[in-house]
2 protein chains.
Amino acid sequence: MPKARLTPASVTEAAAALVDEVGFDNLSMGLLAERLGIKTPSLYKHVSSQADLAHRIAILAMTEAGDVIRDAIQGRSGSDALAAGAQAMRTYVREHPGRYTAANAVRPTGPDDPFIPASERVLASWAAMLSGYGLDPGQEIHAMRTLRSVLHGFATLEAAGGFQIDTSVDESFTWLINFIDQGLRAGASTGAR
Amino acid sequence: MPKARLTPASVTEAAAALVDEVGFDNLSMGLLAERLGIKTPSLYKHVSSQADLAHRIAILAMTEAGDVIRDAIQGRSGSDALAAGAQAMRTYVREHPGRYTAANAVRPTGPDDPFIPASERVLASWAAMLSGYGLDPGQEIHAMRTLRSVLHGFATLEAAGGFQIDTSVDESFTWLINFIDQGLRAGASTGAR
DNA sequence: CACAGCGAGCTAATGCGATTAGCTTAAGGC
DNA sequence: GCCTTAAGCTAATCGCATTAGCTCGCTGTG
């Protein structure tokens with residue numbers, strides 16, 4: 001076998017870094033090739049298409065995000081776990097906006113797509129965190145969806161520059177986390193919607 | 001003046017309808033031209049580029065969404081206004097996913113971009129609705145951002161098929177609205193974060 | 001009623017980015 | 001030291017956005 005300078009994994013890693021710099025929409029095979037010091041067609045020796053590349057970036061991103069969130073929640077519970085997990089996710093998205101966009105641009109290609117377990121790991125972390133609130137089992141799915149909605153929505157809006165710079169966005173995010181925490185505590189005690 | 005079959009407005013309208021069918025990412029000048037019964041280059045007599053077209057769709061979408069939300073909130077207050085406004089927005093996004101994507105893909109081109117007043121109208125409706133909760137003035141910005149985050153996040157995730165079909169998404173949305181309503185009421189009485 | 005101009009639409013051509021075909025060559029296993 | 005294999009290259013194709021320049025019908029005017 002000849003020298004293995006580049007691999008699908010290393011190409012994906014480089015593409016992920018690139019996408020965080022220039023934005024997911026501005027990813028091009030030519031730009032990536034230039035970064036890697038090779039000609040554009042040579043990329044096809046490692047990834048089968050640009051869609052494939054985007055898909056690999058998405059899996060990478062989802063895996064990294066899953067790790068970061070799990071580590072943040074690790075050893076904490078209740079409000080602390082929520083705050084740590086949410087902050088970890090926001091930090092990840094801020095540092096890797098392109099990767100995050102890629103992760104959200106992807107649809108699983110089939111039942112054995114590695115993207116599926118990767119995203120399930122993220123969901124599992126959130127579920128573990130939520131379980132600490134002792135919600136009514138029937139409520140958990142709704143709480144989960146609400147949580148995902150706020151976090152995803154905030155991250156997306158922030159990444160898109162959707163918030164005016166007047167008031168601190170950091171402050172808004174802690175306020176938001178607190179808001180969710182209060183609601184979950186209340187919901188747990190009430191058991192009602 | 002020759003016959004005015006097509007105008008920038010009518011082309012934009014057709015493009016908006018198209019984008020809702022095929023998805024924003026699959027919009028192409030060729031496809032739109034075909035729909036309009038003209039050849040691709042003729043489109044450039046009405047819009048200056050595909051980016052221009054996308055921008056016009058975004059303005060249209062933001063304007064329509066603003067109308068829909070304003071009308072829903074009209075004559076209601078408090079929980080009712082929140083529920084009606086949120087439902088109106090979700091309905092709009094479900095019926096016009098392509099338009100909504102376009103609206104979020106756009107950055108204002110300058111200080112006199114008509115997109116700016118259009119989006120401000122949306123924000124103004126939410127602000128009017130929130131004022132009914134009598135929040136502490138310092139909290140309003142955070143509440144607004146939180147509200148936008150949940151609604152945007154939910155709409156986006158739903159449009160992307162991010163929710164598994166197991167449990168009713170409608171139910172989750174009413175739960176979410178209720179969750180926000182409870183939180184806002186509590187925040188109003190407490191005045192605390 | 002003839003006519004002059006404008007502008008919508010058309011065809012032909014350009015350019016860029018993704019992708020494919022086929023060649024070349026260096027490296028690792030025998 | 002040879003032989004296979006695959007990484008990388010050049011040349012070519014394709015699709016899609018965009019530009020250039022022509023044409024012709026409508027409309028307002030004399």
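Proteins come first, then strands; the chains are lettered A, B, ... in the order of their sequence lines, and each starts at number 1.
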**Report entry** Given A:Phe173, A:Phe179, A:Trp175, the one that forms side chain to side chain contact (heavy atoms under 4.5 Å, CB included) with A:Ile177
**Finding:** A:Phe173

Report task. Check side chain to side chain contact (heavy atoms under 4.5 Å, CB included) between B:Ala54 and all other residues, then give those that pass, not counting sequence neighbours. Result -> B:Phe24

**Report entry** Residues within residues 38-51 of chain A bordering DNA chain D, heavy-atom distance below 4.0 Å
**Finding:** A:Ile38, A:Lys39, A:Pro41, A:Ser42, A:Lys45, A:His46

Query raised in the report: Does A:Thr109 have any side-chain hydrogen bond (donor to acceptor under 3.5 Å, both in side chains) partners at least two apart in sequence or in another chain, and if so, which?
Result: A:Asp113

Requested in this report: Could you pull out all residues at least two apart from B:Thr40 that satisfy side chain to side chain contact (heavy atoms under 4.5 Å, CB included)?
Outcome: B:Met29, B:Ala33

Query raised in the report: Restricting to pairs with a member in residues 115-131 of chain B, which pass side-chain hydrogen bond (donor to acceptor under 3.5 Å, both in side chains), not counting sequence neighbours?
Result: B:Asp67-B:Arg121

Report task. Please identify each residue that fulfils ring-ring contact (aromatic ring centres under 6.0 Å, His included) with B:His55, with sequence neighbours left out. Result -> none

Report summary line: Per the under-4.0 Å heavy-atom filter, residues of residues 8-30 of chain B near DNA chain C come out as none

Query raised in the report: With sequence neighbours left out, what residues match B:Ser77 under side chain to side chain contact (heavy atoms under 4.5 Å, CB included)?
Result: none

Residues 151-163 of chain A side chain polar contacts: donor-acceptor under 3.5 Å, at least two apart:
| from | atom 1 | to | atom 2 | distance (Å) |
| --- | --- | --- | --- | --- |
| A:His152 | ND1 | A:Tyr100 | OH | 2.6 |
| A:Thr156 | OG1 | A:His152 | O | 2.7 |
| A:Glu158 | OE1 | A:Arg90 | NH1 | 3.1 |
| A:Glu158 | OE2 | A:Arg90 | NH1 | 2.7 |

**Report entry** Interatomic distance, B:Arg5 CZ vs D:dT27 P [rounded to whole Å]
**Finding:** 13 Å

